[in-house]
Amino acid sequence: MNVALWIIAGLLAVVCLIGSAKMFVLRERIAAVGAAAQWAADFSPAGLKAIGAVELLAAAGLILPAVLDVAPVLVPLAASGLVLLFLGAITVRLRRGERVTITGDVIYLCLAACVAWGRFGPESFTS
């Protein structure tokens, strides 16, 4: 189970690293990507930068504390934060009526919840 949690955490970290590009890309360019990115038009540039910063911190928090063995309790906390982030993403998609594009967010939410549960519980770094 430990290996599976590492793989899931790595996948989520990559997704968050890619998503953190919101800090550097203009809102108009994000919204122009396609139908799945139209939500970006609803946020201010500062809001998008904040979301990107949270994703960057989550990517670091999922991997670095455990690898460096410095405060490994941050791994399940980062995963819990991602659960909240993806709940927010799902809420935005539902409010916009984008039920077709919600699938990815639901999958990432489930993966983040799995890492949080696993690292708080049976595969904790502190035990």
Side-chain angles (χ1 to χ4, degrees):
M1 183 160 165
N2 186 43
V3 173
L5 289 172
W6 272 107
I7 291 170
I8 295 169
L11 173 69
L12 286 170
V14 168
V15 167
C16 288
L17 276 176
I18 293 169
S20 70
K22 293 174 190 70
M23 293 189 308
F24 310 108
V25 179
L26 294 174
R27 177 178 64 169
E28 292 76 21
R29 290 195 68 188
I30 295 172
V33 169
Q38 292 298 314
W39 62 269
D42 291 350
F43 289 87
S44 68
L48 288 176
K49 288 184 189 318
I51 293 169
V54 167
E55 288 179 338
L56 183 63
L57 290 172
L62 285 170
I63 303 298
L64 293 179
V67 168
L68 299 175
D69 198 26
V70 177
V73 72
L74 293 177
V75 174
L77 292 176
S80 299
L82 271 180
V83 168
L84 295 175
L85 181 76
F86 288 120
L87 280 173
I90 290 169
T91 303
V92 168
R93 297 240 191 239
L94 288 174
R95 286 186 180 170
R96 289 181 52 87
E98 298 175 353
R99 286 173 174 74
V100 174
T101 58
I102 205 169
T103 307
D105 295 327
V106 171
I107 291 170
Y108 295 140
L109 170 83
C110 293
L111 292 175
C114 180
V115 171
W117 170 80
R119 292 303 183 200
F120 272 130
E123 291 293 331
S124 174
F125 291 119
T126 58
S127 58

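Every heavy atom of this structure was used, including side-chain atoms; hydrogens, water molecules and symmetry mates were not. None of these values were measured; they are calculated from a predicted model.
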Approximate separation, where rounding is to 0.5 Å, of [X] [atom1] and [Y] [atom2]:
{"X": "L82", "Y": "L77", "atom1": "CG", "atom2": "CG", "value": "11.5 Å"}
{"X": "I90", "Y": "L85", "atom1": "CD1", "atom2": "CG", "value": "10.0 Å"}
{"X": "L11", "Y": "L111", "atom1": "CG", "atom2": "CG", "value": "6.0 Å"}
{"X": "R119", "Y": "N2", "atom1": "CZ", "atom2": "CG", "value": "4.5 Å"}
{"X": "C16", "Y": "F86", "atom1": "SG", "atom2": "CZ", "value": "5.0 Å"}

Requested in this report: Please tell me if the side chains of L48 and W39 come closer than 4.5 Å, counting only heavy atoms from C-beta onward.
Outcome: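 Sidechains of W39 and L48: in contact.
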
Query raised in the report: Would you say W117 and P76 make side-chain contact, with heavy atoms under 4.5 Å?
Result: no

Hey, quick one: are [X] and [Y] part of the same hydrophobic cluster, counting side-chain heavy atoms closer than 4.5 Å, chains of contacts allowed?
{"X": "I7", "Y": "V15", "answer": "no"}
{"X": "L109", "Y": "I107", "answer": "yes"}
{"X": "L94", "Y": "V83", "answer": "yes"}
{"X": "I102", "Y": "L87", "answer": "yes"}
{"X": "L12", "Y": "V67", "answer": "yes"}

**Report entry** Residue list, salt bridge (charged side-chain N to carboxylate O under 4.0 Å, His left out) with R93, at least two apart or on another chain
**Finding:** E98, D105

Report task. Would you list the pairs meeting salt bridge (Lys or Arg N to Asp or Glu O under 4.0 Å) in which at least one residue belongs to residues 31-53, sequence neighbours left out? Result ->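 Salt bridge (Lys or Arg N to Asp or Glu O under 4.0 Å) check on residues 31-53 returns D42-R96.
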
I need the minimum non-hydrogen distance between [X] and [Y], along with the two atoms involved.
{"X": "I30", "Y": "A37", "value": "O-CB, 3.1 Å"}
{"X": "A116", "Y": "A79", "value": "N-CB, 3.6 Å"}
{"X": "R27", "Y": "A41", "value": "NH1-O, 3.8 Å"}
{"X": "C114", "Y": "L5", "value": "O-CD2, 3.7 Å"}

Can I get a per-line list of side-chain donor-acceptor pairs under 3.5 Å for residues 54-65, giving both atom names and the distance, sequence neighbours left out?
residue, atom, partner, partner atom, Å
E55, OE1, S20, N, 3.3
E55, OE1, K22, NZ, 3.0
E55, OE2, K22, NZ, 3.4

